Amino acid sequence: MTRPLLRALDRSLLEQPAHEVAPQILNLLIACGERVGRIVEVEAYGGTDDPASHAHRGPTPRATIMFDRPGLLYVYRSYGVHWCANVVAHRPSEVGAVLIRAIEPIAGLEQMWAARPAARRPQDLGSGPGKLCQALGINDEHLGTDLLEPGAAVRLVRDGADPPAHPVIGTRIGISVGLDHPWRFSVPGSCHRSRRW
DNA sequence: ATAGAGATTGCCT
DNA sequence: GGCAATCTCTATA
């Protein structure tokens with residue numbers, strides 16, 4: 001097995017509506033220190049016109065970063081317990097982000113196991129938005145990190161893998177409004193996705 | 001001020 | 001399958 005060749009991302013990839021960006025970041029790598037995971041499931045969230053989005057009511061203290069530059073990391077607290085990670089993504093002057101819902105562990109597995117004592121199988125490490133933040137060690141200290149900046153604490157990079165030509169598409173889960181949008185995407189066949197499709 | 005819902009997870013029965 | 005944990009924001013007063 002050869003070392004994967006890592007390439008920087010072009011920011012223009014993220015300067016499109018979140019629901020167009022979302023399937024494009026499948027199979028990218030997210031890295032925090034030595035810990036690396038492959039993104040296998042995402043959901044897109046829009047701006048004030050998306051009732052399920054944190055940005056629906058405008059730039060609240062929590063959601064302000066969704067109005068900021070594409071490529072920044074949006075971390076929020078879920079149910080007062082877990083951290084969840086998003087990539088800010090939208091057209092200029094618009095609003096949106098892509099929630100990372102599941103990763104396949106790639107490197108730093110020992111640290112991931114240590115960070116997730118409840119995990120029993122490898123797919124328990126990152127098969128959910130809260131789980132993958134725990135596994136990677138992402139928390140509110142990383143809020144606003146530029147994921148495309150070399151040397152940043154949390155990075156988004158590409159290796160040899162392209163996004164799937166035909167991602168699995170579904171409606172977003174865990175929400176009660178905005179169910180009409182088919183904005184959940186995952187890598188076909190991955191056993192590291194969150195809930196059953 | 002206070003109450004209730006929420007982009008979740010893990011432990012209990 | 002039920003439910004607690006406990007932060008952020010909204011609605012109501």
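In what follows, chains are A, B, ... by sequence order, proteins preceding strands, each numbered from 1. Being a predicted model, the structure only gives us computed values, none of them experimental.
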Legend entry - Per-nucleotide protein contact string for nucleotides 5-13 of chain C, where B marks a base within reach and S marks sugar-phosphate only (heavy atoms under 4.0 Å, - for neither): BBBSSSS--
Legend entry - Gap in Å between the two P atoms, one belonging to B:dA7 and one to C:dA11, rounded: 14 Å
Inset, instruction - Could you give the distance separating B:dG10 and C:dT8 at their C1' atoms, to the nearest angstrom? - result: 22 Å
Inset, instruction - State, to 0.1 Å, how close A:I30 and A:L136 come at their nearest heavy-atom pair, and which atoms those are. - result: CG2-CD1, 3.8 Å
Inset, instruction - Could you check whether A:R116 gets within reach of a base, just the sugar-phosphate, or nothing at all, counting any heavy atom under 4.0 Å? - result: sugar-phosphate
Inset, instruction - Looking at every strand, decide which applies to A:A118 at a 4.0 Å heavy-atom threshold: base, sugar-phosphate, or nothing. - result: sugar-phosphate
Legend entry - 5' priority, DNA chain B, between A:I175 and A:D124 [closest heavy atom]: A:I175
Legend entry - With A:T64 via side chain to side chain contact (heavy atoms under 4.5 Å, CB included) - residues at least two apart: A:P59
Inset, instruction - Write out all pairs satisfying ring-ring contact (aromatic ring centres under 6.0 Å, His included) with one or both partners inside residues 6-26 of chain A, taking only residues at least two apart or from two chains. - result: A:H19-A:W183
Inset, instruction - Decide yes or no for A:R11 and A:E15: does some side-chain heavy atom of the first lie under 4.5 Å from some side-chain heavy atom of the second? - result: yes
Inset, instruction - Kindly indicate whether the side chain of A:Y76, heavy atoms from C-beta on, has any atom under 4.5 Å from the side chain of A:L99. - result: yes
Inset, instruction - Tell me, please, the opening and closing nucleotides of DNA chain B, 5' to 3', among those with an atom under 4.0 angstrom from a non-hydrogen atom of chain A. - result: B:dG6 to B:dG10
Legend entry - Residues that A:R121 engages under salt bridge (Lys or Arg N to Asp or Glu O under 4.0 Å), provided they are two or more places apart: A:D124
Inset, instruction - Treat a base pair as Watson-Crick or G-U wobble with both distances under 3.5 Å, then lay out DNA chain C in dot-bracket form, 5' to 3', with | for cross-strand pairs. - result: |||||.||||||.
Legend entry - Joint hydrophobic cluster, A:L29 plus A:V87, side-chain heavy atoms closer than 4.5 Å: no
